[in-house]
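Just so you know, ligand 1 is whichever comes first in the structure, and atom 1 is the first atom listed for that ligand.
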Amino acid sequence: MSTPLYTALLRHQALNRASFHTPGHKNNPFSLPQDLLSLDFTELPDTDSLFEADGPIFEAEQLAAKLFGTARTCISAGGCTLSIQAMFRLAAPNGGSIVCSRVLHRSAVNAMALLGLHPVWAMPGDIISVIEKNPNAKAVYVTSPNYYGELLDISAISAACKKQDIPLLVDNAHGTHLMFTEPKLHPLTFGASMTACSAHKTLNVLTGGAWLNIADERFASGAKEAMALFGSTSPNYAIMASLDLARAWLEVHKKEYVSLQHKINELKTAAAQHGIAQPGGLTDPTRITLNTASIGLSGTAAAEIFRGAGVEPEFADAAHVVLIATPFNTDSDFTRLAEAIDLLPVRSPLPVHAALPPLPAVKMPLRQAVFDPSETIALDSATGRIAAEAACPCPPGVPVAMPGEELTKEIIEFLRGYGFFSIKVLK
Ligand SMILES: Cc1ncc(COP(=O)(O)O)c(C=O)c1O
């Protein structure tokens, strides 16, 4: 019997690495009941139906709404992606433009393409002035926290949205737990109208479990219809039950995230003593982002050293290793991570990345650029062509070109500097 995927998972499991990546349950037997397989049912008279919920699913959603203090909270078994799609659908059902932070996940780009929405791009430091210059926008969409755990000033952005009476949609994929930190840093606390929360990333939830949190009552009644537009009619009951269980766990144990903050603080102090720079400003206190370039090591090289020491990180790029810790990491996980950090060699810092080229001209609507025929060509011959994909070197994690934008000479040079050799363009 050949089971390549199952076998690969077993092989990975046998490595027994400390999990500093998603899912937040860390495969820890204390995080969720072991009998979830036996509870993988479907829509039955007893079990309710996700998109027509009026029984136990609705009750589970009401309890989650109480925990997050929202007008409506909906379960997603299709990840945060489904919550993002629903936010756009709710905010701009008839199309229009959306002021959009340039730092965004591809699920948002795809959702806007599917719905025929027009992004008006804003750099993270520039969002408020772009809102003020676009009074006809239907909504504002931002990502906070970003992958590195950096948070935007949601209060200020929310105030600008309120002035224009438009909703603020926040991709809070990495920040569901921020409702339980001290201080609370969840975007709902600072005036977001809706948040897409990828619960499986930082809570004890099975992969694919997320919530759509709606604070603005005007969007509550349409939420299910918006989710049903994109979601599968066979949502996984084990995933949905894990969201219900995580919510119940949090009601009793939310202080665990505060204890986690303290542990991580110690770890970050040790990393700083080792010479490793870390993001400043307002950040998620549980996110571990190590700028290994500051000790002369690319993030990808550092991640390999971590793996050798039995630690699996979430993400690595040219300059950083990112690790996700939750209350379900064990003491031995943290010991291993501290030892792995100690193993990193310290050399002279790597060069800091070049300044971003200016935002290029939009030559074609996003939807057309995503769906029209495209081809992958050598980067060197792409000047003047129209991008068919987001080109996003990390760091900085800000796309220098989005689908529909012209590839300028500066952009090509910038991408070459990051080791890009080819790019997808419109035919
Ligand atoms: C910032 C951000 N937004 C959205 C998503 C999509 O979330 P999900 O995988 O739960 O659909 C991700 C996934 O990595 C993400 O990093």
- Item | Spacing of NE2 belonging to His118 relative to CD1 belonging to Ile98, to within rounding of 0.5 Å |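 CD1 of Ile98 is found 10.0 Å from NE2 of His118.
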Note to self: Checking Leu260 against Glu256 for the side chain to side chain contact (heavy atoms under 4.5 Å, CB included) test, could you report, in this order, the C-alpha distance in whole Å, the side-chain angles of both residues, the deciding distance, and whether it holds?
What the structure shows: CA-CA 6 Å; Leu260 179 69; Glu256 294 283 333; over 6 Å; no
Nearest-contact summary for [atom] - protein heavy atom, Å:
atom: atom 15 (C) of ligand 1; value: His105 CD2, 3.4 Å
atom: atom 16 (O) of ligand 1; value: His174 NE2, 2.8 Å
atom: atom 8 (P) of ligand 1; value: Cys80 N, 3.4 Å
atom: atom 11 (O) of ligand 1; value: Thr81 OG1, 2.6 Å
atom: atom 9 (O) of ligand 1; value: Lys201 NZ, 3.7 Å

Which ligand 1 atoms are under 4.0 Å away from a heavy-atom of [X]?
X: Gly79; result: 10 (O), 11 (O)
X: Ser198; result: 7 (O), 8 (P), 10 (O)
X: Ile84; result: 4 (C)

Note: Asp171, heavy atoms under 4.0 Å from ligand 1, region reported as side chain
His12 and His21 aromatic ring geometry - parallel, tilted or perpendicular at 30°/60° bounds:
perpendicular
| task | Run the numbers on Leu117 and Lys138 for side chain to side chain contact (heavy atoms under 4.5 Å, CB included), then give the verdict. | result | CA-CA 10 Å; Leu117 299 174; Lys138 293 286 194 299; over 6 Å; no
Practice prompt. Please assess Thr176 against Lys201 for the test side chain to side chain contact (heavy atoms under 4.5 Å, CB included), listing each intermediate value before the final yes or no.
Written response: CA-CA 8 Å; Thr176 316; Lys201 294 195 195 305; over 6 Å; no
Q.
Test your reading of the model: is there a side-chain donor-acceptor pair from Asp333 to the backbone of Thr330, 3.5 Å cut-off?
A.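 Here the side-chain-to-backbone pair exists.
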Discussion item. Any nitrogen or oxygen of His200, side chain or backbone, less than 3.5 Å from one on ligand 1?
Written reply: yes
For ligand 1, which is the ligand I care about here, please tell me if Ser107 has any N or O atom under 3.5 Å from one of the ligand's N or O atoms.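 No, no N or O pair falls under 3.5 Å.
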Please report whether the ring centroid of Tyr147 lies less than 6.0 Å from that of His320.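 Ring centres of Tyr147 and His320 not closer than 6.0 Å.
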Only one of Phe334, Phe30, Trp249, Phe20 passes ring-ring contact (aromatic ring centres under 6.0 Å, His included) with Phe328, and that residue is Trp249
